[in-house]
Every structure is written in C-alpha cells, then in structure tokens.
Amino acid sequence: MSRALALVDGNSFYCSCERVFDPRLAGVPVIVLSNNDGCAIARTAEAKALGIKMGDPYFKIREMCRRQGVRVFSSNYALYGDMSARTNAVYRTFAPDVEIYSIDESFLDLSDVRERDRVALARDLRSTVRRWTGIPTCVGIGPTKTLAKLANHIAKSVPELGGVCDLSDEAERALWLVGISVGEVWGVGRASLAKLQALGVDTVADLRDLDPRPARKALTVVGERIIHELRGRACLALELVPARRKGCAVTRSFSSRITERAVLEQAVAAHATRLGEKLRRDGQATDQVTVFYHTSEHDRGDPMRSVSTVVHLPEATNDTLALIRAVRLGVARTWREPAGAPWRYSKAGVITTDLVPLSESPRTPLGALEREAAVHVSVARARRGAWCRPGSGLCQSGRGRRRPDATRPRCTARLDTVPTVLAQPPFARASARIAVPRAPSDLLLVR
DNA sequence: TCTGGGGTCCTAGGACCC
DNA sequence: TCTGGGGTCCTAGGACCC
C-alpha cells in the first residue's frame with residue numbers, strides 16, 4: 001500500500017471557534033485580533049472578501065469594520081486550544097496515527113486506507129468533525145507532507161472539490177502543479193520565492209523539475225528536501241510524539257508606551273511568572289533567562305533604545321521567585337534614566353533558549369566557571385532609521401511573518417557592548433546534551 | 001606565489017512556519 | 001492615540017583544541 005498522508009485544517013480556525021458559540025455569526029464577516037487587539041490574525045471568507053488582510057493593524061481597518069458590520073473578537077486561546085483538542089479527538093477515530101502540527105492543523109496517516117477509498121473517508125471525516133465540533137475543515141491528501149499541504153491549499157481554493165483534494169495519483173498531480181505559483185509551496189517564503197524566480201522557477205511544477213543540486217546552493221538543504229517531497233519522495237517524517245520544546249518565550253507589547261522603571265519591572269515579573277508556569281507544565285527548567293525591552297520602530301523621531309541581557313541562574317530552575325529575581329536583575333543592570341526626552345518603551349519579554357528536563361538539571365557544581373553576561377545596548381537615532389534588537393535573535397527584519405515592508409532598513413544599529421558581571425556568581429551547567437548519531441543522509445528526516 | 005590542518009562547539013543571523 | 005506572539009531549522013564563522 002502506498003504512503004498517504006492527509007493534512008486536515010480548520011477553516012479560519014479562530015473565527016470558526018467563535019461561531020460555534022454564537023450561531024448568529026454564521027454568514028457574517030468575523031475577525032479575531034492578536035494580543036492587545038493589535039492586528040487581525042484570523043478572518044472568515046466574508047471578511048477576506050472585504051479586503052481584510054492577515055496582519056492588518058486594527059486601527060487601520062476599524063472604521064471599515066464598523067461600516068461593513070464585521071464582528072470583531074479579541075483572541076481567546078483557552079477556547080481555541082479546547083476546540084483543537086476536540087477536533088483531534090475526532091481525527092483519531094478515523095486514523096490512529098495523528099501528528100498535531102499546529103493548533104488548527106494535523107497530519108493523519110492514511111497509508112492503510114485503499115487509494116480509491118481515501119477521498120470518501122476524507123469527506124466522512126469533514127462532515128463528522130463538523131457535526132461533532134462545529135468546526136469546518138479542509139483535507140489535502142498526498143504521498144508526502146509537502147504534497148498533502150499543497151493538496152490542502154487546492155481543497156481550500158477550489159470550491160468545486162468540496163473541501164477535499166487528493167494528489168496521490170502522479171499524472172493527475174502533474175496537471176495541478178503547472179497551475180500553482182511556487183510561492184504556495186510549504187517552506188517557500190518571500191526570500192526563497194525571489195531566488196527561485198531568478199532561476200526561472202514560477203510554478204510548483206518548475207520547482208519539482210529543478211535540479212536539486214543548484215537548488216541546494218540557493219535554498220540550502222531545506223530547498224532540496226522540498227524538491228524531493230514534490231516528486232513524491234518523503235523527506236519529512238510523521239512525528240507522532242511531540243518533540244521536547246527547546247525554547248520558551250513570554251513577550252508582550254504594552255497596551256500603551258511606558259517610561260517608568262516600576263512599570264517595566266512589573267511587566268517582566270509577570271512574564272517571568274508565566275514563563276515559570278509554562279516550564280513547570282512541561283517539566284522543564286532553565287539556568288539562563290534573556291530579558292529584553294525596547295522602544296517602538298514605529299515611533300520614528302523619538303529616542304530609540306533596545307536592550308537585551310542574559311541573566312544566568314545558579315542552577316536550572318522553573319521556580320517563579322527565582323525567575324522573577326533574575327529578570328528584575330536584568331532590568332536593574334540595564335535600566336537608564338533618560339537625560340532628555342524619555343524612552344517610550346513599547347514591548348518587553350523574557351526568553352529562554354536552553355531548556356533541560358527538570359530531572360536532568362544538575363546541582364550547582366562547586367568551583368564552576370564564572371560566566372559573564374553581556375549587556376547589549378543599542379541606541380539608534382530615529383532619523384537614521386536603523387533598528388534592531390541585538391543579542392535577542394529577534395531582529396525585526398528577519399523573523400516571523402513581520403516585515404512585509406521590503407524597504408525597511410536592515411539592522412545596522414550601533415552597538416555599545418557593556419560586559420556586566422553579575423553579583424550572583426553564575427555557574428556553568430554540566431552538559432546535559434546527549435550525543436545523537438547523525439542520520440546517514442542529511443536529506444532524509446524520515447525514519 | 002607560499003604563513004598548518006582539521007575537528008568540534010557555540011552563537012548570530014536568516015528564513016520559514018502558524 | 002493604535003502595528004502579535006510564539007516557535008523551528010539551517011548556515012557561516014569564530015573560538016578553541018590537539
């Protein structure tokens with residue numbers, strides 16, 4: 001039996017969750033906003049038809065929403081998480097092997113289902129999920145994850161398919177691939193799209209037929225994997241056991257700009273508290289916390305400041321009080337009283353990137369090496385327009401799906417690096433790393 | 001002409017995802 | 001007035017070691 005994966009995703013998932021609990025929202029444009037009601041992160045088809053884009057700042061569309069009768073919701077992640085669990089419970093009654101890929105997407109292993117029965121099963125799955133949870137879904141089927149994703153994209157964009165698309169058949173698949181832009185492929189973002197277009201690659205079929213070796217030069221091994229996946233050769237495995245989380249962050253924009261140290265300290269303490277909750281829930285711990293805070297890149301003309309500092313803890317912990325002490329220390333080491341116009345900070349957060357299972361965290365070793373925490377403070381003049389958050393790994397121009405503005409200046413902020421030795425002696429952590437044998441080929445992630 | 005060589009570890013930054 | 005909050009993986013290059 002041939003390998004077959006289905007990607008099932010909830011349509012406009014957050015909006016659909018809201019609709020489950022208020023049937024009057026059916027047929028009405030609905031959007032859900034990000035934290036602080038900053039921008040639109042979920043839109044129903046009716047809202048998309050009004051021209052509302054993913055990530056649109058709410059203040060720019062507020063008036064239009066009012067005029068058009070768009071129902072607007074703040075996000076409610078407890079609700080969405082609960083609904084996600086319900087949909088996955090239904091998926092498991094159709095396929096025992098399910099990888100939960102995101103809050104609204106799961107891969108199902110349909111390899112044991114006969115090829116001619118797969119579409120019917122997918123239709124049954126859709127209607128059952130709709131009946132039992134109220135959530136509308138689409139299903140894409142293919143021999144690899146990348147093709148299942150693409151099939152799901154087709155299922156969503158071609159209404160005649162009734163929400164299900166099966167790309168198992170190679171000849172039929174080839175017909176679809178010539179008509180789809182390469183930018184729709186999972187893993188091809190804005191930067192890769194530009195490189196591919198320069199190589200004369202416009203459609204998914206073009207990419208499938210590209211020689212993998214030059215592709216690797218332009219797009220790294222990731223691009224080479226995509227090509228093999230598009231040809232039906234699986235490079236990405238179904239991951240049934242969720243991987244241990246490697247990092248954890250709690251960050252928030254302030255609802256309004258802040259200038260006072262006490263307010264900042266309160267905020268980072270709250271973030272540290274939340275961080276401790278997340279770590280304890282996962283049975284993880286950390287021995288270093290990065291604290292950052294910065295002014296807004298949108299406040300051109302204001303004095304700008306971006307701070308990121310690493311605070312080392314004596315031993316790995318997930319204790320709230322220890323984490324709060326650490327982040328307050330981070331603020332104490334970096335806070336500056338303004339000489340002139342105050343810095344108006346827009347966002348703060350705490351990040352850990354080196355989590356260990358609590359059971360593995362070693363006791364403080366005697367005579368351990370002292371380490372230094374470097375405090376990076378960048379001061380960028382607004383008129384120069386340069387801006388980044390050094391040391392945080394969170395450069396605005398390079399991360400996430402933020403940065404639609406290609407003209408935004410790159411990170412050229414001047415860095416003043418001020419090494420700071422903490423009063424509390426930091427300690428090196430005995431290595432908890434376990435050597436993992438390398439896969440025979442770096443291409444194949446399938447086990 | 002020519003400045004050792006190779007391995008590992010770590011970090012910063014880029015790119016992508018939802 | 002008002003522009004999200006998380007994550008992952010890959011590569012290059014420096015530090016360090018023998």
Side-chain angles (χ1 to χ4, degrees), chain A residues 7 9-10 12-14 32-42 53-63 74-75 77 80 84 100-106 145-146 149 183 185-195 216-226 236 239 242-257 271 274-275 278 290 296-300 308 310 344 346-355 371 374 376 388-405 408 410-411 415 428 431 433 435 438 442-443 445:
Chain A
L7 177 67
D9 81 331
S12 312
F13 185 67
Y14 296 170
V32 172
L33 303 176
S34 62
N35 278 300
N36 290 331
D37 296 341
C39 51
I41 55 171
K53 302 277 185 299
M54 181 73 173
D56 270 354
Y58 182 49
F59 75 90
K60 286 187 180 170
I61 58 173
R62 184 200 307 268
E63 184 52 29
S74 299
S75 41
Y77 291 102
Y80 311 148
S84 176
I100 300 172
Y101 175 71
S102 74
I103 194 165
D104 73 328
E105 287 174 279
S106 293
K145 283 185 164 181
T146 304
K149 277 286 269 187
V185 173
W186 191 35
V188 176
R190 184 172 135 274
S192 300
L193 179 63
K195 290 177 190 167
R216 186 169 186 150
K217 237 185 151 59
L219 305 180
T220 80
V221 68
V222 177
E224 188 173 353
R225 279 188 200 126
I226 291 172
L236 305 172
E239 294 179 26
R244 190 173 64 82
R245 192 212 302 260
K246 295 176 178 167
C248 192
V250 180
T251 70
R252 289 287 181 282
S253 296
F254 298 111
S255 49
S256 57
R257 304 286 186 256
H271 297 345
R274 176 77 187 116
L275 182 73
K278 289 167 83 171
T290 298
S296 170
E297 57 186 314
H298 300 294
D299 293 347
R300 298 290 167 89
S308 169
V310 182
R344 299 167 63 244
S346 66
K347 184 173 180 175
V350 298
I351 304 172
T352 73
T353 55
D354 204 14
L355 298 180
R371 282 196 275 176
H376 302 284
C388 73
R389 283 172 278 156
S392 68
L394 290 171
C395 173
Q396 289 281 3
S397 65
R399 268 184 89 87
R401 45 154 293 287
R402 1 206 356 237
R403 55 65 331 243
D405 175 11
R408 173 176 297 165
R410 308 294 285 183
C411 295
L415 305 188
S431 173
R433 292 178 193 286
R438 287 185 76 90
D442 56 358
L443 196 60
L445 296 178

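To find a chain, count down the sequence lines: A is the first, B the second, and so on, and within it residues start at 1.
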Any [X] side-chain heavy atom under 4.5 Å of [Y] side chain:
X       : Y       : answer
I100(A) : P242(A) : no
S34(A)  : C39(A)  : yes
T251(A) : H271(A) : no

Atom pair distance, as rounded to whole Å: [atom1] in [X] and [atom2] in [N]:
X       : N       : atom1 : atom2 : answer
E224(A) : dC9(C)  : CD    : P     : 19 Å
E105(A) : dG7(C)  : CD    : P     : 17 Å
E297(A) : dC2(C)  : CD    : P     : 13 Å
I103(A) : dG7(C)  : CD1   : P     : 13 Å
K246(A) : dT11(B) : NZ    : P     : 15 Å
W186(A) : dA15(B) : CH2   : C1'   : 15 Å
I41(A)  : dC18(B) : CD1   : C1'   : 10 Å
L275(A) : dG5(C)  : CG    : P     : 15 Å

Reckon [X] touches a base, only the sugar-phosphate, or nothing at all at heavy-atom distances under 4.0 Å?
X       : result
G349(A) : nothing
D104(A) : sugar-phosphate
V185(A) : sugar-phosphate
R257(A) : sugar-phosphate
S75(A)  : nothing
R252(A) : sugar-phosphate
Y101(A) : sugar-phosphate

Taking the minimum atom-to-atom distance to the side chain of [X], which one of [options] wins?
X       : options                  : value
N35(A)  : dC18(B), dG4(C), dT3(C)  : dG4(C)
R62(A)  : dC2(C), dC17(B), dC16(B) : dC2(C)
R344(A) : dC18(B), dC2(C), dC10(C) : dC2(C)
F59(A)  : dG5(C), dT3(C), dC10(C)  : dT3(C)

Residue met sooner reading DNA chain C from 5', once V222(A) and Y14(A) are mapped to nucleotides: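 The residue whose closest nucleotide sits nearer the 5' end is Y14(A).
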On DNA chain C, nearest-nucleotide positions of S346(A) versus R244(A): which is more 5'?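 Nearest-nucleotide comparison on DNA chain C picks S346(A).
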E224(A): side-chain hydrogen bond (donor to acceptor under 3.5 Å, both in side chains) partners, not counting sequence neighbours: R216(A)
Shortest non-hydrogen contact from S74(A) to D37(A)? OG-OD1, 2.7 Å
For T146(A) and L236(A), the nearest pair of non-hydrogen atoms, with its separation, is OG1-CD1, 4.1 Å
So, are K246(A) and D354(A) salt-bridged, with charged N and O less than 4.0 Å apart? no
For the helix from dG5(B)-dC18(C) to dC18(B)-dG5(C), how many degrees between its two end axes (five pairs per end), to the nearest 10°?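 Between the axes fitted at each end of the helix from dG5(B)-dC18(C) to dC18(B)-dG5(C) lies an angle of 10°.
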With F254(A) via ring pair (Phe, Tyr, Trp, His ring centres under 6.0 Å) - residues at least two apart: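 With neighbours one apart ignored, the set is empty.
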